[in-house]
Amino acid sequence: MEVWKLKYDFANIEPKWQKKWEDAKVYAAHDNSDKKKFYGLVEFPYPSGQGLHVGHPRPYTAMDIVCRKKRMDGYNVLFPMGFDAFGLPTENYAIKNHIHPAKVTHDNIQNFTSQLKMLGFGFDWDRVIDTTDPKYYKWTQWIFLQLYKHGLAYKATMPVNWCTSCKCVLANEEVVDGVCERCGAPVIRKEKSQWMLKITEYAQRLIDDLDEVDFIERVKTQQRNWIGRSTGAEVTFHSTNGDPIVVFTTRPDTLFGATYMVLAPEHALVAEWKEKGLLKNVEDVEAYQKAAAAKSDLERAELNKEKTGVKLDGVAGINPVNGKEIPIFISDYVLSTYGTGAIMAVPAHDDRDWAFAKKFGCEIIEVVSGGEDVQQAAFTAKDETGIMVNSDFLNGLTVKDAIPAITKWLEEKGIGEAKVNYKLRDWVFSRQRYWGEPIPMVWCDKCGWEPLPEDQLPLLLPDVDSYEPTDDGESPLSKMTDWVNTTCPKCGGPARRETDTMPQWAGSSWYYLRYMDPHNDKALASKEALNYWSPVDWYNGGMEHTTLHLLYSRFWHKFLYDIGVVPTKEPYQKRTSHGMILGEGGEKMSKSRGNVVNPNDIVAQYGADTLRLYIMFIGDFEQAAVWSDNAVKGCKRFLDKVWNLAESCKDDENQSEANAASLHKCIKKVADDIEGMKFNTAIAAMMSLVNEFGQNGCTKGDMKALITMLSPFAPHIAEELWEMLGYGAQGFACQQPWPEYDESKTVASVLNLVVQVNGKVRANIQVPADADNDAIVAAAQADEKVQKFTQGMNLVKSIVVPGRLVNLIVKP
RNA sequence: GCCGGUGUGAUGGAAUUGGUAGACGUAGUGGACUCAAAAUCCACCGGUGGCGACACCGUGCCGGUUCGAGUCCGGCCACCGGCACCA
């Protein structure tokens, strides 16, 4: 055979195959197929001006490998890509450089696209979506209208999170430790009229249906935590002047221990009592309310060691279980946004109430025995350890039994009822910025809010002169009087458009549906496409989206399911998550640290295949990993070895005897590891195999199997070698079936066993594969090294682990 | 404080789920090739003792279960992430 001795010239090979794949559309998903479908999804990127960094290819390569493997297994695969392009950085860049955000977006998408193609991902490029395309956001607006028509979108004036730098409201999910999730600027409270989505209506289902999906456990727990379900009871107390005060408690069993009440400073009853002239210490109360209002949530939380509050003078509460008169306080440790904004305080059995009671000299009455002295610390155990005392008819019961008993009693007397509360709050959905989807609503002084008729969608984002956010808290769109002034869709009179836009999370809440049928202009996707492709089989994305995008899109999906648009209850069947890529030194990559690795540089130096391999070999996929320029070389060396082996292998279509066992074990291992996302060990297994091929020599048949296995990981070199070995007529390497695994080839005729004496490794022996236990023990005892330790001892026991080891237990 | 995760050589990380700890890769050391360097190839590469065969110790710490523990149980420590006055 002719000896090629060509260099592994990745710089020419990679673009060559990228073009061939694209021309042949080998990665296109087929809509009308009888094949089993597989829908693999990665989170679409925000096309920033910086382009891709090496963090992006980690999830992309992983799902690309999974999807390529699925294609080889005969699935009709949908593996799409798109761009989540509305958002503040683009808008800010546009403001700074006086370029229209649409132009900025277009350029960034072009750059991202070429980078993604450079890495050889098998995306279906005919299904690319862009959330800023009116053909796309028409349907984002359409979904909003459906939410509105079903009572799930409403406008309300309430205190909201306001980012002082973005000049824009934020959802609760976007506030992290009191600062803006995006820019890190402090968030303050501001009273504003906002569009809200009733995600709380889905709270229970968002928890329950987690049981039906295959999400990694930490995603499920984080979502459950965020939704924050707690069960208890609502109990109606009364004030001395006869007003009902409803409180929520998770411990109705401790009702007899309620020695005072606390209202949130913003509670409506406080103002009412003030009106009626019942309060004798109005100045103190007002001063406290004012101070509380001025504090941000962060400040409130920071001050949580020291309890503050004011006792209401002139009004008291009455404990409904024993008629006792108890004082009422206002304090900011009670939140107006959770429960009823009012609590009964049981200092003996709640840490916060205890701290408050100590400071304000409130009575502490023990109603659950079994702990230490409640005058010294609250006893909060909620299990069977505590027995009810000082509680009339509850005395003697455990806490566990007392809760249903008192709840039943309350319900019978009409004083209270069982109740479930959630920490989750409704989703603040409007933003005072330009670069987002316009909210298709019109305000008419006569008719109120009216939805835009659906046939007028999309409501286009108008061109404006300035995208600058305004200090008065209005969207830049509000300055566009031509656009703002319109007619009421109902009465035809003069009306004004909503000038706030949607948050960035809107477009991404349903994008996975659009990929199923991206060019449809009659519906967000056709019924046939939705029925065939739903649900997403495997969705990989970042942990940082667990309580943002992932939660929001599950909510939207459930709504769309309820109104008959989508066929499944849940959008994603399986959810996995990748660890971050950290810069050298173990710190997060960032421009300011100057440790950002640009994939273009790595591709130029080593090629895309090496980058793909390295990013998968770097460590446990779910764990954070530190980038190392040096370690990249190892993957390049591996590909060089593969190349050289292909050039020097024996011209024999058969697999060689010498490599058979290793080859077939490797075929199995790589397949299993891809399914389990253990890409690092899959690659290690192929490296070992290649080392063996180098030692034993290999045939074309051996190489054929190796190249096929390698093709999901390093698709370009696989194609090139496939063609070089003369298999080009059989189609692309990436279209071949996964190599056949023959278990019988992995069974050796002679087994290597470890011999232990009293649990310590003492020797290795070879035995025939069919040797029985007695023969194995005899062989072990016959070994010279073993005899050194068994000499003069009695064998009391022997343990044989088939195919692994034999342990001899000896005693003098 | 509550919930989750992690802890293994110089280093990134493996270990068939209770069965030879350190696969695979980096870095390092020695050697071959070269005028030289790069590349490549070969050998070594947890610690201590020994010329050596070999022995003992070793998976954050202390204890336990087991013929056998990185893996299981009990009790700690450290770091990372999430939630946090949510009644």
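Each chain gets a letter, A, B and so on, in the order the sequences are listed, and its residues count up from 1.
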Taking atom types as modelled, is there a side-chain donor on A/Q204 or A/R229 under 3.5 Å from an acceptor on the other? yes
Contact under 4.0 Å: A/T547 side-chain N or O vs B/rC83 OP1/OP2: no
Within the structure shown, what part of the strands sits under 4.0 Å from A/F621 by heavy-atom distance: base, sugar-phosphate, or nothing? nothing
What distance, rounded to whole Å, do you find between the two P atoms, one in B/rA53 and one in B/rC45? 11 Å
Distance check needed: B/rC85 P versus A/L263 CG, whole Å only. 19 Å
Can a donor-acceptor pair under 3.5 Å be found between the side-chain atoms of A/K307 and the base atoms of B/rC85? yes
Going by atom types only, do A/N752 and A/N764 share a side-chain donor-acceptor pair under 3.5 Å? no
So, OP1 or OP2 of B/rG25: does either fall under 4.0 Å of a side-chain N or O from A/N691? yes
How is A/D620 classified with respect to the nucleic acid when contacts are heavy atoms under 4.0 Å: base, sugar-phosphate, or nothing? sugar-phosphate
Have a look at A/N630 and say if it touches a base, only the backbone sugar-phosphate, or nothing, with a 4.0 Å heavy-atom cut-off. sugar-phosphate
A/K633 vs A/K760, nearer the 5' end of RNA chain B by closest nucleotide: A/K633
Can you find a side-chain donor-acceptor pair between A/H545 and A/E43 that sits under 3.5 Å? yes
Partner nucleotide of B/rC51 by Watson-Crick or wobble geometry (both distances under 3.5 Å): none
Checking base pairs now: Watson-Crick or wobble, both atom distances under 3.5 Å. What partners B/rC44? B/rG28
Given the P atoms of B/rG9 and B/rG74, what is the spacing between them in whole Å? 25 Å
From C-beta outward on A/Q623, which listed nucleotide comes closest to its side chain: B/rG19, B/rG5, B/rC24? B/rG5
For atom P, what is the distance between B/rC2 and B/rG49, given to the nearest Å? 46 Å
Within the structure shown, what part of the strands sits under 4.0 Å from A/A624 by heavy-atom distance: base, sugar-phosphate, or nothing? sugar-phosphate
5′-ward residue of the pair A/D640/A/Y614 relative to RNA chain B: A/Y614
Pairwise P distance for B/rG81 and B/rG30, with rounding to whole Å: 41 Å
Between B/rG60 and B/rC42, how many Å separate the two C1' atoms, rounded to a whole number? 38 Å
May I ask you to evaluate whether A/K678 reaches the phosphate of B/rU17, defined as a side-chain N or O under 4.0 Å from OP1 or OP2? no
Counting side-chain heavy atoms from C-beta on, which of B/rG25, B/rC54, B/rA84 comes nearest to A/K641? B/rG25
In whole Å, what separates the P atom of B/rG7 from that of B/rU59? 14 Å
Counting side-chain heavy atoms from C-beta on, which of B/rG25, B/rG4, B/rU40 comes nearest to A/R637? B/rU40
To the nearest angstrom, how far is A/W627 atom CH2 from B/rA27 atom C1'? 17 Å
Roughly how far apart, to the nearest Å, are B/rC76 and B/rG82 at atom C1'? 24 Å
B/rA87 P sits how many Å from A/I328 CD1, rounded? 21 Å
Nearest-neighbour nucleotide for the A/N807 side chain, B/rC3, B/rG19, B/rC54 considered: B/rG19
Nearest-Å distance, CG (A/L424) to P (B/rC83)? 14 Å
Phosphate contact (B/rA87 OP1 or OP2) by A/Y333 side-chain N/O below 4.0 Å: no
Choosing from B/rA14, B/rG19, B/rC24, which nucleotide comes nearest the side chain of A/T681? B/rA14
With C1' as the reference atom in both, quote the distance from B/rC73 to B/rC56 in angstrom, rounded to an integer. 28 Å
Would you classify A/K419 as touching base, sugar-phosphate or nothing, given that sugar-phosphate means primed atoms plus P, OP1 and OP2, and contacts are heavy atoms under 4.0 Å? nothing
What I want to find out is whether A/D783 reaches A/K785 closely enough, with some N-O distance under 4.0 Å, to be called a salt bridge. no
Measure from CZ on A/R762 to C1' on B/rU20 and round the result to the nearest Å. 13 Å
May I ask you to say whether A/E743 pairs ionically with A/K665, meaning some side-chain N is under 4.0 Å from a carboxylate O? no
Quick one: A/L710 CG to B/rC24 P, roughly how many Å, whole number? 18 Å
Would you kindly give the CE-to-P distance between A/M686 and B/rG25, to the nearest whole Å? 13 Å
Within the 3.5 Å criterion, strictly below it, is a donor on A/D742 or A/S744 matched to an acceptor on the partner's side chain? yes
Check every strand shown and say whether A/K669 touches a base, only sugar-phosphate, or nothing at a heavy-atom separation below 4.0 Å. nothing
With heavy atoms under 4.0 Å as the rule, sort A/Q756 into base, sugar-phosphate or nothing. base
Nearest to the side chain of A/N225, heavy atoms from C-beta on, is which of B/rG82, B/rG19, B/rU20? B/rG82
Look at all strands and tell whether A/R229 reaches a base, only sugar-phosphate, or nothing, counting heavy atoms closer than 4.0 Å. nothing
For B/rU8, glycosidic torsion class - syn if within 90° of 0, otherwise anti: anti
Counting any heavy atom closer than 4.0 Å, what does A/S230 reach on the DNA or RNA strands: base, sugar-phosphate only, or nothing? sugar-phosphate
Indicate whether the side chain of A/Y260 and that of A/N319 have a donor and an acceptor atom separated by less than 3.5 Å. no
Per atom distances to the A/F617 side chain, the nearest of B/rU20, B/rC24, B/rC67 is B/rC24
Which of the following nucleotides, B/rA87, B/rC54, B/rA14, is nearest to the side chain of A/I343? B/rA87
Hey, does A/V626 reach any base, or is it just sugar-phosphate, or nothing, if we go heavy atoms under 4.0 Å? nothing
Measure from CD1 on A/I618 to P on B/rA14 and round the result to the nearest Å. 12 Å
Determine, using ring centers only, whether A/F329 and A/F356 are less than 6.0 Å apart. yes
Please check the phosphate of B/rA14 (OP1 and OP2 only) for any side-chain N or O of A/N680 closer than 4.0 Å. yes
Is A/D211 salt-bridged to A/R224, cutoff N-O under 4.0 Å? yes
In B/rG9, glycosidic geometry as syn within 90° of 0 or anti otherwise: syn
